[in-house]
Amino acid sequence: MNYHVFPTYEELSTHAAHFILAHVRNNPQATICVASGETPLLTFQKIVADAQPGDFDRVTFVALDEWVGIAADNAGSCRSYIDAPLIKPLGISPERVSFFDGLATDLEAECQRVNDFIEKHGGLDIIMVGIGLNGHLGLNEPGSSFDSYAHVSVLEEVTASVGQKYFQSETPLTQGITVGLKHFLEAKTAIVLANGPRKRDIIRRVLEEPVSESLPASALKLHSNSYLWVDVAADPT
């Protein structure tokens with residue numbers, strides 16, 4: 001695991017954006033899995049600002065996760081935090097992006113659909129995610145198997161509570177549907193971003209504690225090409 005501390009959130013985001021842009025210019029048919037939430041938003045903005053015509057014409061995107069029971073057009077949906085700042089501005093055509101349907105009547109079939117989409121596109125070249133206060137990656141909560149592909153998870157209280165910030169009113173959040181840790185480990189490059197003082201304790205745990213399914217982000221240590229990039233506010237060292 002490659003660990004690097006950036007002086008500011010902006011410099012962290014600039015580096016991440018440049019990394020993604022360099023990759024797609026070297027591999028124009030890349031398949032990239034990206035997270036929603038606040039951490040990657042500035043990275044998305046910088047990618048859009050610096051992208052040149054043609055950079056993303058053949059790139060495929062996979063959205064990391066979604067709240068079960070939340071519609072795609074809900075302003076708090078995971079989809080909205082990827083679609084509006086990244087997918088639409090880049091002009092990605094619908095057939096080259098996979099979003100989970102949080103309202104799917106058959107969630108297992110929805111998981112298999114996303115698994116098949118990733119397999120069809122040759123697996124993930126890059127997965128870029130944030131980290132939860134409990135160490136989750138995507139909605140892979142503590143206890144999630146490192147051998148899991150896309151699956152439905154039961155949300156811990158901290159995840160449901162923190163998730164309320166994305167919604168305009170109190171919204172029941174009990175389950176998530178997510179790309180699995182097996183996808184994370186099989187991606188050619190895995191990146192975890194973290195910023196702000198609230199993430200300092202969980203980053204300390206990732207750096208200090210042994211690999212365990214009780215700490216999903218410790219999967220970083222099992223990956224042969226992984227990066228943990230944080231700003232100085234999130235650095236516990």
Side-chain angles (χ1 to χ4, degrees), residues 6 8-67 70-102 113-114 117-118 120-132 136-139 150 163 165-167 176-179 183-184 187-196 227 229-231:
F6 294 86
T8 65
Y9 170 57
E10 180 162 1
E11 289 174 79
L12 162 66
S13 303
T14 297
H15 181 82
H18 288 172
F19 186 96
I20 297 294
L21 286 164
H23 186 89
V24 301
R25 287 165 183 164
N26 185 59
N27 178 16
Q29 293 180 290
T31 300
I32 303 174
C33 181
V34 291
S36 61
E38 295 176 337
T39 297
L41 276 178
L42 187 54
T43 298
F44 293 165
Q45 292 167 10
K46 289 179 177 290
I47 288 172
V48 170
D50 292 346
Q52 299 297 313
D55 279 349
F56 288 89
D57 283 354
R58 292 184 287 164
V59 173
T60 298
F61 281 98
V62 177
L64 180 66
D65 51 18
E66 187 56 88
W67 310 109
I70 300 300
D73 60 358
N74 186 308
S77 72
C78 297
R79 175 170 182 159
S80 69
Y81 274 77
I82 298 172
D83 208 17
L86 183 70
I87 301 302
K88 288 182 178 177
L90 289 177
I92 306 298
S93 59
E95 66 271 14
R96 289 191 294 106
V97 59
S98 168
F99 290 104
F100 281 107
D101 179 3
R113 182 188 66 78
V114 173
F117 183 89
I118 292 172
K120 174 186 174 182
H121 290 89
L124 300 177
D125 292 291
I126 295 177
I127 185 167
M128 185 178 71
V129 303
I131 180 172
H136 71 216
L137 299 179
L139 291 173
K165 67 184 178 182
Y166 301 116
F167 297 90
I177 186 168
T178 184
V179 166
H183 285 129
F184 181 87
K188 294 183 178 69
T189 300
I191 302 166
V192 174
L193 308 177
N195 68 292
Y227 301 86
W229 294 335
V230 308
D231 69 359

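None of the values given here were measured: they were computed from a predicted structure.
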Undergrad: Closest approach of H183 and A150, non-hydrogen atoms and distance?
TA: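 So the minimum-distance heavy-atom pair works out to CE1-N, 3.5 Å.
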
Undergrad: Just jot down the side-chain contact (heavy atoms from CB on, under 4.5 Å) partners of A71, sequence neighbours excluded, or say none.
TA: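 side-chain contact (heavy atoms from CB on, under 4.5 Å) list for A71, sorted by chain: D73, L103.
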
Undergrad: I'd like to know if the side chain of R96 reaches the main chain of F56, judged simply by a donor and an acceptor atom lying under 3.5 Å from each other, with no hydrogens or angles considered.
TA: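 Flag set: sc R96 to bb F56 pair under 3.5 Å.
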
Undergrad: Output yes when a side-chain donor or acceptor of D125 lies under 3.5 Å from a complementary backbone atom of K188, and no otherwise.
TA: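 Checking the backbone N and O of K188 against the side chain of D125, no donor-acceptor pair under 3.5 Å is found.
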
Undergrad: How far apart are the closest heavy atoms of G76 and F167, and which atoms are they?
TA: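 Scanning both residues, the minimum pair turns out to be O-CZ, 3.5 Å.
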
Undergrad: Could you check whether any side-chain heavy atom of Y227 comes within less than 4.5 Å of a side-chain heavy atom of T189, counting everything from C-beta outward?
TA: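 Yes, at least one pair of side-chain atoms sits under 4.5 Å.
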
Undergrad: Would you say that D231 contacts T8 through its side chain, given a criterion of any heavy-atom pair below 4.5 Å between the two side chains?
TA: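 No, side chains not in contact.
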
Undergrad: If we only count heavy atoms from C-beta on, is the L193 to M128 side-chain gap below 4.5 Å?
TA: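 A side-chain contact under 4.5 Å exists here.
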
Undergrad: Considering only heavy atoms from C-beta outward, does the side chain of L124 approach that of F184 to under 4.5 Å?
TA: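 A side-chain contact under 4.5 Å is absent here.
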
Undergrad: Is the backbone N or O of I177 less than 3.5 Å from a side-chain atom of E66, with the two atoms forming a donor-acceptor pair by type?
TA: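 Answer holds: no.
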
Undergrad: On a heavy-atom basis, which atom in A30 and which in V24 lie closest, and how many Å separate them?
TA: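 Nearest pair, atom of A30 first, then V24: CB-CG1, 4.5 Å.
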
Undergrad: Measure the spacing between CD1 of I126 and CD1 of I32 and express it to the nearest 0.5 Å.
TA: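 Separation between the atoms: 5.0 Å.
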
Undergrad: Which pair of non-hydrogen atoms, one from I82 and one from L64, has the smallest distance, and what is that distance?
TA: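 Taking every non-hydrogen atom into account, CD1-N, 4.5 Å.
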
Undergrad: State the CG-OG distance between L86 and S36, to the nearest 0.5 angstrom.
TA: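 Output value for this atom pair is 12.0 Å.
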
Undergrad: Is it true that a side-chain atom of T60 and a backbone atom of T31 form a donor plus acceptor pair closer than 3.5 Å?
TA: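 No; judged by distance alone, with no hydrogens or angles, the pair does not exist.
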
Undergrad: Show me the side-chain donor-acceptor pairs of residues 12-22 shorter than 3.5 Å, one per line, residues at least two apart or across chains.
TA:
residue, atom, partner, partner atom, Å
S13, OG, Y9, O, 2.9
T14, OG1, E10, O, 2.9
T14, OG1, K46, NZ, 3.2

Undergrad: Output the distance between atom CD1 (I131) and atom CG (N195), rounded to the nearest 0.5 Å.
TA: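 One finds 11.5 Å between CD1 of I131 and CG of N195.
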
Undergrad: Would you name the heavy atoms of L41 and P85 that are closest together and state the gap between them?
TA: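 Looks like CD2-CG, 3.8 Å.
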
Undergrad: Is there a side chain to side chain contact (heavy atoms under 4.5 Å, CB included) between Y81 and F44? Walk through the geometry before answering.
TA: CA-CA 10 Å; Y81 274 77; F44 293 165; over 6 Å; no

Undergrad: Would you please classify the geometry between the Y166 ring and the W67 ring as parallel, tilted or perpendicular, with 30° and 60° separating the classes?
TA: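 Taking Y166 first and then W67, their aromatic rings sit tilted (interplane angle of 30° to 60°).
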
Undergrad: Between S80 and S77, which heavy-atom pair has the shortest distance, and what is it?
TA: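 So the two residues come closest at OG-O, 2.8 Å.
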
Undergrad: What's the spacing between F117 CZ and F100 CZ if we round to 0.5 Å?
TA: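 So the gap between those two atoms works out to 11.0 Å.
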
